[in-house]
Amino acid sequence: WALSEGSPESRGPVAAAGAIEVATASMQRHLRHPGLQAQCCGLFKSLACETPETKAMIIQSGALKRIITAMTTHLKNAEVQRIACEAIRTLAHGSKRNQRTLMESGCVEKVVNSMIQHKDNSEVQRQALAALGNLIYQSHTVKKRLCLSGGVEHIVDAMGSSPMDAPIQQMGCWVLLNLATGSLRGRKAMVELGGKERVWKALQQHKEHAGVQNQAAACIRLLERDLEEDEDAEAVLEDSSEEEEEPEEPQEQEEEKESHFSAMSRNSEEEGDT
């Protein structure tokens with residue numbers, strides 16, 4: 001794992017040498033060992049920061065199945081859940097095909113289960129929110145799945161349980177903004193479950209935190225529009241069903257190969273989160 005955390009030059013040979021396949025087999029062989037499961041999930045997360053091809057290799061090799069099995073088997077282990085959510089967050093970044101594959105494999109429900117089981121663990125909550133945000137990003141299909149799974153309620157609950165935790169508030173506002181963008185179903189679910197009120201509170205309680213202010217203000221601005229204005233757009237989205245694969249996001253810098261929320265997370269630390 002340590003080697004995989006290094007430079008792109010060091011991570012490439014690791015993947016080429018079959019580390020993904022070896023780790024996948026090891027997870028299957030030692031299913032009841034939480035430490036090993038967490039380490040291997042961490043390896044997959046690190047390697048997934050590489051290229052779209054590496055992400056595909058992880059998914060196609062059976063590693064995704066092992067991540068999901070680890071989350072099921074070690075539901076009460078916070079470290080396994082946290083690192084598995086990180087891996088899902090990274091795999092979901094930048095590809096609607098990956099988002100759909102992850103959704104169809106049950107990742108939305110697994111991440112929501114992590115939130116339910118570890119309500120008092122801020123690290124699990126943060127990574128779970130980041131994973132959900134990447135899973136639903138510009139994907140109408142996954143947004144619908146999240147709403148039907150009951151996950152929106154737990155996003156709002158996470159924000160309500162940690163009102164003074166700025167990173168959780170920022171991530172929560174960001175996920176709800178993603179959910180509400182282009183989805184009438186998502187906007188209605190968010191409003192009905194108290195999401196709008198929770199975002200308003202975040203805006204009021206974290207006036208000195210630019211990240212919270214940015215995401216909360218954008219979310220409130222979107223929700224101030226008449227819900228009925230988006231009904232036609234919703235119908236178009238449902239008809240399209242995202243059948244065509246969109247191109248991967250430009251790989252401009254190595255740091256950009258992380259999740260959509262990685263940069264915001266780093267900014268939060270620099271701004272002195274509570």
Would a 4.5 Å heavy-atom cut-off, applied to side chains only, mark [X] and [Y] as touching?
X      : Y      : result
Cys219 : Leu223 : yes
Val124 : Met115 : no
Lys55  : Ser95  : no
Leu36  : Met27  : yes
Leu203 : Val212 : no
Cys107 : Leu64  : yes
Cys49  : Leu47  : no
Val142 : Leu146 : no

Would you say the side-chain atoms of [X] pair up with the backbone N or O of [Y], donor to acceptor, closer than 3.5 Å?
X      : Y      : answer
Asn134 : Arg89  : yes
His118 : Leu75  : yes
Ser26  : Val22  : no
Arg198 : Gly172 : no

Of the non-hydrogen atoms in [X] and [Y], which two are nearest, and what is the gap between them?
X      : Y      : value
Val112 : Gly151 : CG2-CA, 3.8 Å
Gly195 : Val156 : CA-CG2, 3.8 Å
Cys41  : Ile67  : SG-CG1, 4.1 Å
Ile168 : Gln125 : CD1-CB, 4.0 Å
His206 : Pro163 : NE2-O, 2.7 Å
Leu129 : Ile155 : CD2-CG2, 3.9 Å

side-chain contact (heavy atoms from CB on, under 4.5 Å) between Lys201 and Gln169: does it pass, once the steps are laid out? CA-CA 9 Å; Lys201 289 183 179 180; Gln169 297 304 308; over 6 Å; no
Let me know which of Gln99, Lys143, Met103 forms a side-chain contact (heavy atoms from CB on, under 4.5 Å) with Ile136.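 It is Lys143; the other options fail the test.
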Could you state whether [X] and [Y] fall into the same hydrophobic cluster, counting links through intermediate Ile, Leu, Val, Met, Phe, Trp or Tyr residues with side-chain heavy atoms under 4.5 angstrom apart?
X      : Y      : result
Val108 : Met190 : yes
Ile59  : Met71  : yes
Ile68  : Leu132 : yes

Under the salt bridge (charged side-chain N to carboxylate O under 4.0 Å, His left out) definition, can you give me all pairs with a residue in residues 69-79, not counting sequence neighbours?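 The answer is Glu79-Arg82.
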Provide the full list of salt bridge (charged side-chain N to carboxylate O under 4.0 Å, His left out) pairs with a residue in residues 106-118, sequence neighbours left out, each pair given once.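 Only Glu109-Arg145 qualify under salt bridge (charged side-chain N to carboxylate O under 4.0 Å, His left out).
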With [X] via side chain to side chain contact (heavy atoms under 4.5 Å, CB included) - residues at least two apart:
X      : result
Ala63  : Ile20, Thr24, Phe44, Ile58, Ser61
Gln60  : Ala56
Ile220 : Lys196, Val199, Trp200, Glu224
Thr69  : Leu31, Lys65, Arg66, Thr73

[atom1]/[X] to [atom2]/[Y] distance, rounded to the nearest 0.5 angstrom?
X      : Y      : atom1 : atom2 : value
Thr141 : Glu104 : OG1   : CD    : 9.0 Å
Leu179 : Arg185 : CG    : CZ    : 10.5 Å
Gln127 : Ser122 : CD    : OG    : 10.5 Å
Thr181 : Tyr137 : OG1   : OH    : 9.0 Å
Gln28  : Gln37  : CD    : CD    : 10.0 Å
Asp165 : Met159 : CG    : CE    : 10.5 Å

Does Gln81 have any side-chain hydrogen bond (donor to acceptor under 3.5 Å, both in side chains) partners at least two apart in sequence or in another chain, and if so, which?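 For Gln81 the side-chain hydrogen bond (donor to acceptor under 3.5 Å, both in side chains) partners, ignoring immediate neighbours, are Ser114.
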Does Gln204 have any side-chain hydrogen bond (donor to acceptor under 3.5 Å, both in side chains) partners at least two apart in sequence or in another chain, and if so, which?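 By the side-chain hydrogen bond (donor to acceptor under 3.5 Å, both in side chains) rule, Gln204 matches no residue at all.
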Non-neighbouring partners of Glu123 that pass salt bridge (Lys or Arg N to Asp or Glu O under 4.0 Å), sequence neighbours left out: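 Here the qualifying residues are Arg126.
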For a side-chain contact (heavy atoms from CB on, under 4.5 Å) check, start with the C-alpha distance between Ile88 and Lys45, then their side-chain angles and the critical distance, and finish with the verdict. CA-CA 8 Å; Ile88 292 172; Lys45 175 261 179 183; over 6 Å; no
